[in-house]
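Notes for the one structure printed next.
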Amino acid sequence: MNKQYASASAALDDLIEDGMTLAVGGFGLCGIPESLIVALRDTGKKDLTVASNNAGVDGFGLGILLESRQIRKMLSSYVGENKEFERQYLSGELELEFCPQGTLAERLRAGGAGIAAFYTKTGYGTKIAEGKEIREFDGDHYVMERGLPVDIALVKAQVADKAGNLRFNKTARNFNPLAAMAGKVCVVEVEEIVDTGDIDPEDIHLPGIFVHRIVYNPAPGKRIEKRTLREVN
């Protein structure tokens, strides 16, 4: 089975519909599927719900989908680097479900594993827990969180083999494997494609059974989210 598509646009051509829920990998601008996000914008589909740690920055990453008003709701843990994200949320134009980072990661993992819900201490006694079931176990209080299966997962990996087995680059191995597991269909953007068997089995971070489509992008932009400079004497 050939999982490779000629372009990001081709990989998304028959997948995206209005109102879908997507999980998008990455943390800040690290490990985000840049070309797939652009292709998602170009579909013109709207009313999307997107689960991602944050929404990129203004003009890059998921920020471009906010600018095009294609996202109706974000499930995120952090909004601080995107002024348009903040503006839309504070003005009531964008629905936001705050979700602590570890909880979001576990919700995606649970969604991929077929786990309907789980209990966590995180968020108890805060607004995060409002409206959610609270249970006591061994004298401690826990918040029930739902697993988060999604329609489409868009992820970024460094290397894929032709069967879809993936290896991620260092900290890009953050939300990407979990997002991939949660998707009914997973599309991955990679910088290198090798023959099946060329990745040592011990070096595979995500097995190809979770990956449905592969897009080759050998030269992503990899922008720096927050550039810090110092004077050199």
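- Salt-bridge check for Glu67 with Arg41: failed, with every basic side-chain N at 4.0 Å or more from each acidic carboxylate O.
- Between Asp198 and Lys162 there is no salt bridge, since no side-chain nitrogen of the basic residue lies less than 4.0 Å from a carboxylate oxygen of the acidic one.
- Qualifying side chain to side chain contact (heavy atoms under 4.5 Å, CB included) partners for Pro100, counting only residues two or more places apart in sequence or in other chains: Thr103, Thr122, Ile128.
- Checking side-chain atoms of Asn176 against main-chain N and O of Val155 turns up no donor-acceptor pair under 3.5 Å.
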- Task: Starting from the C-alpha separation in whole Å, work towards a yes-or-no answer on salt bridge (charged side-chain N to carboxylate O under 4.0 Å, His left out) for Asp203 and Arg167.
- Result: CA-CA 7 Å; Asp203 203 22; Arg167 186 175 70 222; 3.1 Å; yes
Under 3.5 Å, side-chain donor or acceptor atoms of residues 24-37 against the rest of the protein: list the pairs with distances, not counting sequence neighbours.
residue	atom	partner	partner atom	Å
Glu34	OE1	Gly221	N	2.7
Glu34	OE2	Lys222	N	2.9
Ser35	OG	Glu189	OE1	2.8
Ser35	OG	Glu189	OE2	3.4

- Checking side chain to side chain donor-acceptor pair (under 3.5 Å) for the pair Glu133/Tyr119: CA distance, chi angles, key distance, verdict? CA-CA 9 Å; Glu133 180 183 333; Tyr119 290 93; 2.8 Å; yes
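- With sequence neighbours excluded, the residues that form a side chain to side chain contact (heavy atoms under 4.5 Å, CB included) with Arg87 are Arg69, Glu84, Ser91, Glu93.
- A donor atom on one side chain and an acceptor atom on the other are not found under 3.5 Å apart for Ser76 and Asn54.
- Under the 30°/60° scheme for interplanar angles, the aromatic rings of Tyr89 and Phe98 are found to stand perpendicular.
- Pairs passing the ring pair (Phe, Tyr, Trp, His ring centres under 6.0 Å) check and including a residue from residues 189-222, sequence neighbours excluded, do not occur.
- Panel note: side chain Asp161, backbone Asp195; no donor-acceptor pair is recorded below 3.5 Å.
- For residues 139-148, the set of pairs meeting the salt bridge (Lys or Arg N to Asp or Glu O under 4.0 Å) definition, not counting sequence neighbours, comprises Lys121-Asp140, Lys132-Glu145.
- Within a 6.0 Å radius of CD1 in Ile115, more than 12 heavy atoms belonging to other residues, nucleotides or ligands are found.
- Applying the salt bridge (Lys or Arg N to Asp or Glu O under 4.0 Å) test to every pair with at least one member in residues 96-120, sequence neighbours left out, gives these pairs: Lys73-Glu97, Glu97-Arg107, Glu106-Arg109.
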